[in-house]
**Student:** 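Here it is, the structure in full.
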Amino acid sequence: MIKTGVLAVQGAFARHASALEACGADVRIVKYREDLEDLDALILPGGESTTMTRLFGFRIDYEDLYRFAQSRPVFGTCAGLILLGHGAHDPRVRQFSLLDADITRNAYGSQKESFVEDISLSFDPDTPFHAVFIRAPRIDRPGAELRILASSGGHPVLVESQLYLGATFHPELTEDRRIHRYFIQKIKEIKNGKKQSA
Ligand code: GLN
């Protein structure tokens, strides 16, 4: 069975855990560095990337997460995507720069400008996915090797590299489990050695 962690430093981790469980994954809430042991993969949830950065160093360090994420699949959603990427140009946010994408924080405005939009997933294009954008970041410059799995308004909103998956929205907030299932499939393929580590 695939063992997936959900980082619970701050933010929207509980719904990710239930989404993964609904897809048949074994889930562990990650609060301490020991919780990372023997996990196959990790979700960095949405929330607030400045707060998460501030809280690194209490129960879990930036370096613990960085070491883990260097060799295992990680799915970053919203604030989690900000941490996984680079280019936020905000000294309050310490990014991992593991997903090659320039990310602009709060690119659509404040909480009031949050919105829901139907997007089309490249791996299942015929059924729209109701994507919930909450103070969402924007992917401005995706690296050349990234695969774009969905876009909105001319910007990628769901991207992947060999090891990582990133969404600018909150896929855990709907009952549609296609994106979590996609991540689990990716973890299995990497675990079985079908994909090389990035
Ligand atoms: N605006 C938040 C940040 O900069 C992200 C919002 C979210 O995760 N929903 O971290």
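For ligands, and for the atoms within them, numbers begin at 1 and follow the listed sequence. Residue indices begin at 1 and follow the sequence shown.
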**Student:** Before giving the answer on side-chain contact (heavy atoms from CB on, under 4.5 Å), spell out for Leu146 and Leu99 the whole-Å C-alpha distance, their side-chain angles and the decisive distance to 0.1 Å.
**Tutor:** CA-CA 8 Å; Leu146 286 194; Leu99 182 80; 3.8 Å; yes

**Student:** Please tell me whether Thr51 and Gln10 have a donor and an acceptor in their side chains that are separated by less than 3.5 angstrom.
**Tutor:** no

**Student:** Taking it one step at a time, do Tyr182 and Glu160 satisfy side-chain contact (heavy atoms from CB on, under 4.5 Å)?
**Tutor:** CA-CA 11 Å; Tyr182 186 87; Glu160 75 169 336; 2.6 Å; yes

**Student:** If you measure from the Lys or Arg side-chain nitrogens to the Asp or Glu carboxylate oxygens, is any gap between Asp38 and Arg28 under 4.0 Å?
**Tutor:** yes

**Student:** Write out the protein residues near ligand 1, meaning a non-hydrogen atom under 4.0 Å from one of its atoms, in order of chain and number.
**Tutor:** Gly46, Gly47, Glu48, Ser49, Cys78, Ala79, Ile82, Arg105, Asn106, Ile134, Arg135, His170

**Student:** Going through the distances and angles, do Gln95 and Ser97 end up as a side chain to side chain donor-acceptor pair (under 3.5 Å)?
**Tutor:** CA-CA 6 Å; Gln95 296 176 284; Ser97 282; 5.8 Å; no

**Student:** Considering only heavy atoms from C-beta outward, does the side chain of Pro45 approach that of Leu7 to under 4.5 Å?
**Tutor:** yes

